[in-house]
Each structure stands twice: as C-alpha cells, then as structure tokens.
Protein chains: 2
Amino acid sequence: MNVKRTDEKIIRKQVEIFKALAHPTRLQMVQMLSEGELCVCVFQEAFGIDFSTVSRHLSVLRNAGIVSDEKRGKNVFYCLVRPCVLEMCACLENDGHCRCGNAE
Amino acid sequence: MNVKRTDEKIIRKQVEIFKALAHPTRLQMVQMLSEGELCVCVFQEAFGIDFSTVSRHLSVLRNAGIVSDEKRGKNVFYCLVRPCVLEMCACLENDGHCRCGNAE
DNA sequence: ATAATATTTGGCTAAAATAGCAAATGTTAT
DNA sequence: ATAACATTTGCTATTTTAGCCAAATATTAT
C-alpha cells in the first residue's frame, strides 16, 4: 500500500496546534480575540477562574504559536497571530459533511 | 467588556473535533484518508501498533464525525466525511502568521 | 523604599487520555 | 458446526492535562 504520509515534523506541529485548541476555555479565548487584543484580566473576569489557570491556558496557546503576548505597563495583552484558526472554527460550524464515494 | 462568546454547544462540538485531531497517529490517519477509503488493516500495517489501538483511534475520529465506517465482508473501511479538516491542516502548514495591530 | 496591582511559575491532586493484552463479536471458508 | 480471520470491547497501568493555592516576579504609585 502506498498511502500519503505527511512529514513527521509537520504532523507534530499541527498536533500541537490542535491540542491547544482542544479545550473549551482556550477555544473561547481564541474566539474572543477575533475582534482584537485583550488583556489577561479580561479573560479572568469572563471565565471566573483563577488567574493562574488563565495564564496557563494562554501560555499553551502562545507555545503553539496561535497568540502572542505583549506587556504594556502593568498589563499583558494577547492577540491572535494565526487568524486561520478562526476560519477553521467557522468551517466546523457549517457542519460541512459530505459523504465520500471517492474510492473503490 | 463585551467580547464575542460562541454558543457553548458549538464550542463543545468543535473541541471534540480538535481533540480527535490532536494526536499524531489520528492526524496521519486523516491524511492517509485524503486519497480515499482505507481498511483498518492498512492502518495497522502502516503504524505497526496493536489492532485494538488502531480501532480505538478510528472510533475517536468516528465519534467526532470526521470519518465514517462501513463493513464489507470481513473488513471495515473508513472514509473521510469532513474533508475540511484537510484544508485546516493545509492552512497550518502554510505557517500563515500575521502580526495583529487591530486593537487599542 | 514600600505598597499595591497584574501576571507567571512551582507544587500538588484529581481527572482524562493512551496503549497494550486478552477476550468477545461477527464474517467467510471448510 | 468449526476454524480462521478482521475488528472491537473490557480491563489495567502509565502518562498527560487541568485547576487551585501559594510564592515569585515585574511594574506603577506613594
């Protein structure tokens, strides 16, 4: 069998990104960032969870290269640096099923 | 603060899909299915892991609605029913970063 | 320099995900 | 009916992830 196999390095990077998105809080965070940068404290208020937890979630997103952070004064602002994740979510909302009949 | 929040039900579904993709073996499986349906045994050979493990991975993908299965004779064939996941992967390969300056 | 505010990091525990083995199921061949 | 083959399911050990508290760090205000 000669099936397509993607380079392992690429797969690992993609997995890291999907893993980062695979949590309700983090996915909401990404959605919230669609309209512009936000300060850590905004997420804390929005979710009502511990600051440390918010910070950890944001660092997962940052390590995956989905968001970047910038310190200004006392605050740290996060913003989306890989907007295509929003398109991915949109695509999934469309529930875009399509039966396959491409093989045999 | 009045930030965008996505409906929780939608978020949960999206999380399930991202979670399903967030594993190197499963992501490779999806890639391999890009060219058409494949039988469980093909995956088993390709990865050299236990049949039970292959089967479990496939069921994660099926439960998330990414693939569907069809039994024919002794074999079970899986195929992609949500091809947009391939576009998502392609998008991530392009490493499409873009600094934001959209807020203030 | 000290205090107050905002965020991150270390340590910990509970919960979820992974992978293999063995047993169960379903299908075809004898 | 029995055997052989392909796949799934039950169980268990191991690893990873999540979330809280407390402590550390950095910045601004006093």
Side-chain angles (χ1 to χ4, degrees), chain A residues 1 3 8 11-30 32-33 37-79 103-104, chain B residues 1 3 8 11-30 32-33 37-79 103-104:
Chain A
M1 261 294 179
V3 259
E8 210 197 298
I11 287 282
R12 246 194 316 231
K13 182 64 204 163
Q14 291 174 335
V15 164
E16 192 187 11
I17 293 172
F18 286 130
K19 215 177 265 188
L21 297 173
H23 189 286
T25 302
R26 290 195 294 265
L27 199 50
Q28 279 285 7
M29 285 172 154
V30 168
M32 289 163 76
L33 286 171
E37 66 173 15
L38 291 171
C39 152
V40 177
C41 55
V42 172
F43 296 115
Q44 196 284 318
E45 262 188 53
F47 297 106
I49 55 182
D50 199 273
F51 260 107
S52 67
T53 304
V54 172
S55 181
R56 285 245 156 74
H57 280 309
L58 287 167
S59 82
V60 171
L61 291 171
R62 176 160 32 75
N63 291 334
I66 296 169
V67 304
S68 73
D69 60 341
E70 185 184 332
K71 185 155 200 173
R72 287 208 301 280
K74 288 196 282 196
N75 300 303
V76 177
F77 294 86
Y78 279 82
C79 76
E104 197 56 5
Chain B
M1 261 294 182
V3 260
E8 209 196 298
I11 287 281
R12 244 190 320 219
K13 182 64 204 161
Q14 291 173 335
V15 164
E16 192 187 11
I17 293 172
F18 286 131
K19 216 177 266 190
L21 297 173
H23 189 287
T25 301
R26 290 195 295 265
L27 199 50
Q28 278 285 5
M29 286 171 153
V30 168
M32 290 163 75
L33 287 170
E37 67 174 14
L38 291 171
C39 152
V40 177
C41 56
V42 172
F43 296 115
Q44 195 284 317
E45 262 188 53
F47 296 108
I49 56 181
D50 199 272
F51 260 108
S52 67
T53 305
V54 172
S55 180
R56 284 248 155 72
H57 280 308
L58 287 166
S59 83
V60 171
L61 290 170
R62 175 161 32 77
N63 291 334
I66 296 170
V67 304
S68 74
D69 60 339
E70 186 185 331
K71 186 156 198 170
R72 288 207 300 279
K74 288 196 280 196
N75 299 303
V76 179
F77 293 86
Y78 279 84
C79 78
E104 194 58 5

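In what follows, chains are A, B, ... by sequence order, proteins preceding strands, each numbered from 1. In this text the structure is predicted, and so the values were computed from the model without any measurement.
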Handout entry: salt bridge (Lys or Arg N to Asp or Glu O under 4.0 Å) against B/R56, all qualifying residues, sequence neighbours excluded
Key = none
Problem - Validation row: A/V54, A/M29 side chains within 4.5 angstrom (heavy atoms) - result: yes
Practice task
Name the residue closer to the 5' end of DNA chain D, choosing between A/T25 and A/G73 according to the nucleotide with the nearest heavy atom.
Solution key: A/T25
Completion exercise
In this structure, CD1 of A/I17 is separated from CG of A/N63 (nearest 0.5 Å) by 12.0 Å
Handout entry: Residues from residues 16-24 of chain B lying under 4.0 Å of DNA chain C - heavy atoms
Key = B/K19, B/H23
Exercise for the section: Would you indicate, yes or no, if D/dA6 has its OP1 or OP2 atom less than 4.0 angstrom from a side-chain nitrogen or oxygen of B/Y78? Expected result: no
Handout entry: Contact check, side chains of A/L33 and A/F43, non-hydrogen atoms, under 4.5 Å
Key = yes
Handout entry: Inter- and intrachain pairs under side-chain hydrogen bond (donor to acceptor under 3.5 Å, both in side chains), touching residues 15-25 of chain A, at least two apart
Key = A/K13-A/E16
Practice task
Applying side-chain contact (heavy atoms from CB on, under 4.5 Å), name anything that partners A/T53, two or more places apart in sequence or on another chain.
Solution key: A/I49, A/D50, A/H57
Completion exercise
Minimal heavy-atom distance between B/C39 and B/N75, with the atoms involved, is SG-OD1, 3.9 Å
Practice task
For B/E70, enumerate each residue passing the side-chain hydrogen bond (donor to acceptor under 3.5 Å, both in side chains) test, keeping only those at least two apart in sequence or located in another chain.
Solution key: B/R72
Exercise for the section: With sequence neighbours left out, write down each residue that passes side-chain contact (heavy atoms from CB on, under 4.5 Å) with A/V60, or none if nothing qualifies. Expected result: A/A20, A/R26
Practice task
Could you list by number each residue of residues 50-58 of chain B showing a heavy-atom separation from DNA chain D of less than 4.0 Å, or answer none if no residue does?
Solution key: B/F51, B/S52, B/S55, B/R56
Exercise for the section: Report the distance from atom CE of A/M29 to atom C1' of D/dA18, rounded to the nearest whole Å. Expected result: 13 Å
Exercise for the section: Not counting sequence neighbours, which residues clear side-chain contact (heavy atoms from CB on, under 4.5 Å) with B/R62? List them please. Expected result: B/S59, B/V67, B/D69, B/Y78
Problem - Interatomic distance, B/I49 CD1 vs D/dT7 P [rounded to whole Å] - result: 13 Å
Problem - Counterpart residues, side-chain contact (heavy atoms from CB on, under 4.5 Å), relative to A/F51 (two or more places apart) - result: A/V40, A/C41, A/Q44
Exercise for the section: May I have the distance from A/L61 (atom CG) to D/dA18 (atom P), rounded to whole angstrom? Expected result: 11 Å
Handout entry: OP1 or OP2 of D/dA18 under 4.0 Å from side-chain N/O of A/R26
Key = yes
Practice task
Rounded to the nearest angstrom, tell me the gap between atom CZ in A/R72 and atom C1' in D/dA26.
Solution key: 16 Å
Exercise for the section: Take atom CZ of A/F77 and atom C1' of D/dA26, then tell me their distance rounded to the nearest Å. Expected result: 15 Å
Practice task
Extract, from 5' to 3' on DNA chain C, the first and final nucleotides lying under 4.0 angstrom from some heavy atom of chain A.
Solution key: C/dT5 to C/dG11
